[in-house]
Amino acid sequence: MAMVEGSGFKEVFTLTTQEQLNASVMPTYGRFPVVIDHGTGESCTDETGKTYIDFGSGIGTTSLGYCNEAWTEAVCRQVKTMQHTSNLYYTKVQADFAQQLCETTGYSKVFFCNSGAEANECAIKLARKYSFDKYGKGRHKILTLVNSFHGRTLCTLSATGQDVFHNYFFPFVEGFDYVTANDIADLKAKMDDTVCAVMLEYVQGEGGVNALKQEFVDAVFALCAEKDALVIADEVQTGVGRTGTFLAGEQFGHKADVTTLAKGIAGGLPMGACLASEKCADVLNKGAHGSTFGGNPVCCAGGLAVLQTVTAPGFLEDVQRKAALFREKLAALPGVASVSGLGLMIGIQLTDKKAIDVANAALEEGLLVLTAKDKVRLLPPLTMTDEEIEAGVAILAHVLGK
Ligand SMILES: *Cc1c(COP(=O)(O)O)cnc(C)c1O
């Protein structure tokens, strides 16, 4: 960069984007050494012009890939019409999205927010107030599962059943206890009269892409029904078609009292949603909760485009077909011990290589993958083509075979 005459600065050094960002952004993330510049479809390109097949989709957010045509059109149209107004007023796009989301999922009402953690905060507040309204004080405990992940706010960190997250930020929010996943005896022991809700991920994502056992999920629903405790399904990662059905709960044959969504809901725009069934749809009444940006028109427009795409005839069946193809190909690779998860939420247990080494090597070869605990984790766009699956898996095969 040239010297700026008369600016008072003798020299202006050119920083790389990585140096520039690291100098000014808090060091909370371990980032791969790549600057992503743009994307189309299921691939993105870095600053140097190198292209990557993206099996991570922004951690499951860009569910229709980069700049999907219908999505881009809807979002741009809304940006040019009205980018925001407050929730003191009504907007048609929020009304449309809420109605269609409720119709699709079978829920009565939704609260819109901006992230997964916020959606879970809403669910936790809702469960506590549901119980308070009916039974008064002292019935506020929420059971979550060991190895769960529910977010990074103080309350959702408290809900997260992993000790590594329970550091530094004391005191955490009271009123959570942790049940060992798939341990029905532990569940029964902890399900006392102070419990107002059980919160679970049908497939634990960050915890290592592990699906819950059907018997355990059945036991949660049965016990909660018996005690009038709410079941909260954290479908922030599993929802909106990720597992091959709109909600993962459909595959377990259950509808939770409350379901939270985020990640893929608006195709890469920040949005979260907390869905409530009829018996608790009006618990959060006027003044009980709120969000300045929640239900923002641009995010709702993006959400509508995603919803309409994902619920179009044949779309989810195709996700299921692609998931089966993926799983078959991955299971046959060298160095793969097993493949876990559900639908296009895929965990790969390796026989000897470390997941992070595989992710770094794949990056070198033009493929973006994620990790979760000791697994390689894939959350490919739902729109990924068979050719891209083939091409990406070929890179993984090469990396794993080295
Ligand atoms: C990602 C995730 C969250 C947190 O979502 P944010 O948008 O990062 O707040 C919560 N629950 C689950 C299951 C998630 O996968």
Side-chain angles (χ1 to χ4, degrees), residues 26 28-31 56-63 111-127 142-162 164-166 169 173 176 178 181 197-212 217 220 231-243 247-249 252 256 258-275 291 293-296 299 302-303 306 340-347 370-373 375 377-380 382:
M26 291 186 194
T28 56
Y29 303 106
R31 297 179 197 262
S57 48
I59 317 188
T61 58
T62 50
S63 44
F111 177 86
F112 287 122
C113 50
N114 315 286
S115 67
E118 282 178 65
N120 288 336
E121 287 268 352
C122 178
I124 291 163
K125 285 178 71 173
L126 187 157
I142 311 226
L143 299 181
T144 66
L145 303 186
V146 173
N147 223 23
S148 57
F149 182 79
H150 297 299
R152 296 287 198 155
T153 62
L154 264 176
C155 180
T156 54
L157 272 183
S158 307
T160 292
Q162 301 187 50
V164 289
F165 287 107
H166 300 156
F169 311 117
V173 176
F176 291 92
Y178 313 99
V198 176
M199 184 162 169
L200 55 80
E201 299 156 86
Y202 291 106
V203 185
Q204 295 189 331
E206 308 303 312
V209 201
N210 297 310
L212 294 181
V217 175
V220 169
V231 179
I232 302 170
D234 177 349
E235 294 227 32
V236 166
Q237 192 163 151
T238 55
V240 198
R242 172 57 54 194
T243 67
L247 297 179
F252 288 84
V258 177
T259 286
T260 57
L261 301 172
K263 290 205 164 80
I265 190 173
L269 291 176
M271 167 167 273
C274 176
L275 293 157
S291 165
F293 283 118
N296 167 275
C299 298
V306 170
S340 68
L342 200 61
L344 286 180
M345 188 169 171
I346 300 170
L370 306 164
T371 63
K373 297 279 150 79
K375 288 180 187 159
R377 174 169 56 143
L378 311 182
L379 295 170
L382 308 181

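Read the numbers this way: they start at 1 and go in the same order the structure lists the ligands and their atoms.
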Could you go through ligand 1 and list every pair where one of its N or O atoms sits under 3.5 Å from a protein N or O, giving the atom names and the distance to one decimal?
from     : atom 1 : to     : atom 2 : distance (Å)
ligand 1 : 7 (O)  : Gly116 : N      : 2.8
ligand 1 : 9 (O)  : Gly116 : N      : 3.4
ligand 1 : 9 (O)  : Ala117 : N      : 2.8
ligand 1 : 11 (N) : Phe149 : O      : 3.2
ligand 1 : 11 (N) : Asp234 : OD1    : 3.4
ligand 1 : 11 (N) : Asp234 : OD2    : 2.8
ligand 1 : 15 (O) : Gln237 : NE2    : 2.7
ligand 1 : 15 (O) : Lys263 : NZ     : 2.6

His166 and Phe176: aromatic ring centres closer than 6.0 Å? no

Indicate yes or no: at least one non-hydrogen side-chain atom of Leu145 is less than 4.5 angstrom from one of Leu212. yes

Can you sort out the partners of Ser340 under side-chain hydrogen bond (donor to acceptor under 3.5 Å, both in side chains), two or more places apart, ordered by chain and number? Lys375

Residues forming a ring-ring contact (aromatic ring centres under 6.0 Å, His included) with Phe165, sequence neighbours excluded: Phe149

Would you compute the distance between atom NE2 of His150 and atom SG of Cys155 and round it to the nearest 0.5 angstrom? 10.5 Å

Who passes side-chain hydrogen bond (donor to acceptor under 3.5 Å, both in side chains) against Asn147, sequence neighbours left out? Lys373

